[in-house]
Amino acid sequence: MLQQTQVKKVVDYYRRFLQKFPTLEKLAESNLQELLKMWEGLGYYARARNLRKAAKIVVSDMNGEVPTDYKTFRKLPGVGDYTAAAVQSIAFGHVHAAVDGNVKRVIARMFMLDSPVNDIKFQSLFQEKASFLLDRDQPGTFNQAMMELGAMICRPKAPLCTICPVNLFCTAFQSACQDQFPLSLKRQPIPSYYLVVAVIRRDEEILILQRPTDGLLGGLWEFPCGEIDKVEELPEDVCCRIIQDSFNLQIEVTGFLTQIKHAYTHFKTTMDIFECRYLSGEIVLEQMQDYRWVKSDQIDQYPLIGANHKFLSLV
DNA sequence: AATGCGGGGTT
DNA sequence: AACCCAGCATT
């Protein structure tokens with residue numbers, strides 16, 4: 001949960017998660033949809049699938065015992081260099097330096113490194129520096145201290161150098177140039193897309209679709225939608241045409257609900273949401289994995305994408 | 001080595 | 001609007 005996600009956001013999810021899946025065995029035999037529901041809104045849903053996969057492996061192949069050595073643990077799905085080092089050092093006291101985004105920033109400033117922290121080429125450099133600094137006697141505590149230092153004191157903007165416990169050892173602070181570090185590569189500008197979303201009612205039920213298990217928002221549910229290239233026609237007409245072309249359903253638009261914006265990592269979207277009525281047609285799924293006609297008070301039972309939650313109360 | 005993958009807080 | 005976050009898997 002903590003991969004690329006701040007502690008504050010994780011805490012509540014973590015508590016609920018442990019309550020629902022208190023043991024490795026419970027997690028291993030969990031239903032993926034139920035797990036995704038617990039993960040709903042946390043993002044990076046492959047983490048949930050990998051965690052479940054890892055639990056299955058540990059239960060079935062490892063006698064239910066989490067590996068206590070770095071190499072074996074590192075092989076589990078979803079476990080990379082950082083997670084392996086963090087868990088093995090904190091849980092078992094093994095000597096591995098955990099290098100996350102916070103640690104890289106601390107190191108870049110401490111040694112005035114001109115290597116961009118977001119350039120994978122220099123990952124090993126930061127790893128070496130962290131290993132050099134690591135306290136061999138209490139690696140877990142040291143790793144947590146480094147991460148906490150980065151999060152609380154050695155912040156991205158306006159670091160609190162005057163109260164930093166290690167400012168005597170920080171070459172950037174001693175040179176009064178801490179604001180020039182760390183360096184990072186500019187990211188590419190991200191594209192924008194326009195989508196129409198159809199809330200299609202048939203009697204008392206509404207149509208929702210399940211996204212493919214892998215890829216963006218894998219396994220989550222959403223209202224039918226489609227991309228508009230240009231806004232030349234009436235949005236209502238575009239909406240009907242897209243639903244016809246994508247799902248073989250004939251519908252009519254009964255009203256405009258709202259417009260929302262939603263940003264992802266690599267693109268951002270503007271969505272026009274339309275209230276629609278089902279007219280005819282048998283649904284055909286090409287892109288999507290599954291579909292359901294559900295009553296509006298049942299939607300909560302499905303893990304829904306965040307963009308749809310933004311207008312769900314209106315539905 | 002580069003890219004895809006969320007969502008929210010901070011500046 | 002840009003940046004960042006207790007990164008990992010895939011290609």
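Below, chains carry the letters A, B, ... as their sequence lines are ordered, and counting in each starts from 1.
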**Student:** Among the candidates C/dC3, B/dG6, C/dA6, find the nucleotide nearest to the side-chain atoms of A/Asn102.
**Tutor:**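 Side chain of A/Asn102 sits closest to C/dA6.
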**Student:** Using whole Å, report how far CG of A/Asn118 lies from C1' of B/dC5.
**Tutor:**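 These atoms are roughly 16 Å apart.
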**Student:** If you check the A/Arg187 side chain, which of B/dG6, C/dC4, C/dA6 turns out closest?
**Tutor:**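 Selected nucleotide: C/dC4.
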**Student:** Taking only side-chain nitrogens and oxygens of A/Thr83, does any of them come within less than 4.0 Å of OP1 or OP2 of C/dC8?
**Tutor:**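 It does, given that an N or O in the side chain of A/Thr83 lies less than 4.0 Å from OP1 or OP2 of C/dC8.
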**Student:** Indicate whether OP1 or OP2 belonging to B/dG7 is found under 4.0 Å from a side-chain N or O atom of A/His262.
**Tutor:**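 Affirmative; the distance criterion is met.
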**Student:** Which residue, A/Pro77 or A/Ala151, contacts DNA chain C at a nucleotide closer to its 5' end, judged by nearest heavy atom?
**Tutor:**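 With A/Pro77 and A/Ala151 compared, the 5'-side residue is A/Ala151.
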**Student:** Nearest to the side chain of A/Ile120 - B/dG4, B/dA1, B/dG6?
**Tutor:**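 When the side chain of A/Ile120 is considered, B/dA1 is the closest of B/dG4, B/dA1, B/dG6.
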**Student:** Is it true that A/Glu34 and A/Lys20 make a salt bridge, defined as a side-chain N closer than 4.0 Å to a carboxylate O?
**Tutor:**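 Answer for the salt bridge query: yes.
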**Student:** Check the distance between B/dA2's P and A/Phe122's CZ and give it to me in whole angstrom.
**Tutor:**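 One finds 11 Å between P of B/dA2 and CZ of A/Phe122, rounded.
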**Student:** Distance between the P atoms of C/dT11 and B/dG6, in whole angstroms?
**Tutor:**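 Nearest-Å result for C/dT11 against B/dG6 at atom P: 16 Å.
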**Student:** Please compare A/Arg155 and A/Ala263 by the position of their nearest nucleotide in DNA chain B and report the one closer to 5'.
**Tutor:**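 Result of the comparison: A/Ala263.
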**Student:** Give one of base, sugar-phosphate or nothing for A/Lys104, where a contact means two heavy atoms less than 4.0 Å apart.
**Tutor:**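 Counting heavy atoms under 4.0 Å across all strands, no contact is made by A/Lys104.
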**Student:** Has A/Lys8 got a side-chain N or O lying under 4.0 Å from the OP1 or OP2 atom of C/dC5?
**Tutor:**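 No, no such contact exists.
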**Student:** Considering only side-chain heavy atoms of A/Lys9, which listed nucleotide, B/dG8, C/dA6, B/dG6, is closest?
**Tutor:**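 Side chain of A/Lys9 sits closest to B/dG8.
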**Student:** CD of A/Gln188 versus P of C/dA1: gap in Å, rounded?
**Tutor:**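 Spelled out: CD on A/Gln188 to P on C/dA1 is 18 Å.
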**Student:** For the pair A/Thr254 (side chain) and A/Glu275 (backbone), establish whether a donor and an acceptor sit closer than 3.5 Å, ignoring hydrogens and angles.
**Tutor:**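 Answer holds: yes.
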**Student:** Here's a test of your reading of the structure: between A/Val79 and A/Gln6, which maps to the more 5' nucleotide of DNA chain C?
**Tutor:**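 It is A/Gln6, whose closest nucleotide lies nearer the 5' terminus.
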**Student:** About how many Å separate OG1 of A/Thr265 and OH of A/Tyr44, when rounded to the nearest 0.5 Å?
**Tutor:**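 A/Tyr44 OH to A/Thr265 OG1: 4.0 Å, rounded to 0.5 Å.
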**Student:** Is A/Asp81 touching bases, backbone alone, or none of the nucleic acid, heavy atoms closer than 4.0 Å?
**Tutor:**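 Sugar-phosphate only.
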**Student:** Give one of base, sugar-phosphate or nothing for A/Gly41, where a contact means two heavy atoms less than 4.0 Å apart.
**Tutor:**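 Touches sugar-phosphate only.
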**Student:** Which nucleotide in the set C/dA6, B/dG4, B/dG6 lies at the smallest distance from any side-chain heavy atom of A/Gln144?
**Tutor:**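 In terms of side-chain proximity for A/Gln144, the closest of C/dA6, B/dG4, B/dG6 is C/dA6.
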**Student:** With no angle test and no hydrogens, is the base of B/dG7 tied to the side chain of A/Thr265 by a donor-acceptor pair under 3.5 Å?
**Tutor:**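 Under the 3.5 Å cut-off, the side chain and the base do not form any donor-acceptor pair.
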**Student:** Rounded off to whole Å, could you give me the CG-to-C1' distance for the A/Asp214 and C/dT10 pair?
**Tutor:**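 Taking atom C1' of C/dT10 as the reference, CG of A/Asp214 is at 11 Å.
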**Student:** For A/Leu2 and C/dG7, what is the distance between atoms CG and P respectively, to the nearest whole Å?
**Tutor:**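 Distance check: A/Leu2 CG to C/dG7 P gives 8 Å.
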**Student:** Side chain of A/Arg105 only, heavy atoms from C-beta on: which candidate in B/dC5, B/dG6, C/dC4 is closest?
**Tutor:**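 Ranking B/dC5, B/dG6, C/dC4 by closest atom to the A/Arg105 side chain puts C/dC4 first.
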**Student:** Which part of the nucleic acid, if any, lies within reach of A/Leu42 when heavy atoms closer than 4.0 Å are counted: base, sugar-phosphate only, or nothing?
**Tutor:**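 Base contact - A/Leu42 has a heavy atom under 4.0 Å of at least one base atom.
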**Student:** Flag the pair A/Glu252 and A/Arg277 as a salt bridge only when some basic side-chain nitrogen lies within less than 4.0 angstrom of an acidic carboxylate oxygen.
**Tutor:**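 Salt bridge between A/Glu252 and A/Arg277, a charged N being under 4.0 Å from a carboxylate O: yes.
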**Student:** Taking the side chain of A/Gln3 as heavy atoms from C-beta outward, which of C/dC5, C/dC8, B/dG7 is closest to it?
**Tutor:**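 Ranking C/dC5, C/dC8, B/dG7 by closest atom to the A/Gln3 side chain puts C/dC8 first.
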**Student:** Could you tell me how far apart A/Ile153 (CD1) and C/dC5 (P) are, to the nearest whole angstrom?
**Tutor:**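 Result: 16 Å.
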**Student:** Ignoring the backbone of A/Tyr264, work out which of B/dC5, C/dG7, B/dG7 is nearest its side chain.
**Tutor:**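 Closest nucleotide to the A/Tyr264 side chain: B/dG7.
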**Student:** Would you call the rings of A/His96 and A/His94 parallel, tilted or perpendicular, taking 30° and 60° as the class edges?
**Tutor:**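 Taking A/His94 first and then A/His96, their aromatic rings stand perpendicular (interplane angle over 60°).
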**Student:** State plainly whether one hydrophobic cluster holds both A/Tyr302 and A/Val197, where clusters connect Ile, Leu, Val, Met, Phe, Trp and Tyr through side-chain heavy atoms under 4.5 angstrom apart.
**Tutor:**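 Same cluster: A/Tyr302 reaches A/Val197 through Ile, Leu, Val, Met, Phe, Trp or Tyr contacts under 4.5 Å.
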**Student:** Counting heavy atoms from C-beta on, name the nucleotide in B/dG6, C/dC5, C/dA9 closest to the side chain of A/Leu216.
**Tutor:**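 Closest of the options to the side chain of A/Leu216: B/dG6.
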**Student:** Between A/Arg201 and A/Asp203, is there a side-chain N and carboxylate O pair less than 4.0 Å apart?
**Tutor:**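 Judged by the 4.0 Å cut-off on N to carboxylate O distance, A/Arg201 and A/Asp203 do not form a salt bridge.
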**Student:** Between A/Leu185 (CG) and C/dC4 (P), how many Å, whole number?
**Tutor:**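 So the CG-P distance, A/Leu185 to C/dC4, works out to 11 Å.
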**Student:** Is the shortest side-chain N/O distance from A/Tyr45 to OP1 or OP2 of B/dG7 below 4.0 Å?
**Tutor:**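 The answer is yes; a side-chain N or O of A/Tyr45 sits under 4.0 Å from OP1 or OP2.
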**Student:** Roughly how many Å apart are C/dA6 and B/dT10, using the P atom of each and rounding to a whole number?
**Tutor:**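 The same atom, P, in both gives a distance of 12 Å.
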**Student:** Can you tell me how far C1' of B/dG4 sits from CZ of A/Arg47, to the nearest Å?
**Tutor:**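 Taking CZ of A/Arg47 and C1' of B/dG4, I get 14 Å after rounding.
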**Student:** When you get a sec, tell me which of B/dA1, C/dG7, C/dC4 is the closest nucleotide to the side chain of A/Ser184?
**Tutor:**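 Nucleotide nearest to A/Ser184's side chain: C/dC4.
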